Amino acid sequence: MHYEEVGDDLRPLIYDFFYRFSRFKSGLKEANLLVSRDIGAPARPG
């Protein structure tokens, strides 16, 4: 799916989802609540 194919009514919802998702993932990293603390490891909750 391309940006042009997304309706104007869905764009704010998609932006909101990715904004919240990235904030949650960053919070996990900052709080060291991850399975692996290695640099470059996927952010999986522990």
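Since the structure is predicted, the reported quantities are computational estimates derived from the model, not experimental observations.
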K.L.:
Just verifying a value: how many Å separate E30 CD and R23 CZ, rounded to the nearest 0.5 Å?
P.N.:
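If we round to the nearest 0.5 Å, E30:CD and R23:CZ are 9.5 Å apart.
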
K.L.:
Is it true that L10 and Y19 fall in one hydrophobic cluster, defined by side-chain heavy atoms closer than 4.5 Å?
P.N.:
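Looking at the clustering, Y19 is in a separate group from L10.
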
K.L.:
R20: what forms a side chain to side chain donor-acceptor pair (under 3.5 Å) with it, not counting sequence neighbours?
P.N.:
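Only D16 meet the side chain to side chain donor-acceptor pair (under 3.5 Å) criterion with R20.
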
K.L.:
Applying the 4.5 Å side-chain criterion to the ILVMFWY set and letting contacts propagate, would Y15 and L13 be lumped into a single cluster?
P.N.:
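No, because Y15 and L13 fall into different hydrophobic clusters, even though each may have its own neighbours under 4.5 Å.
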
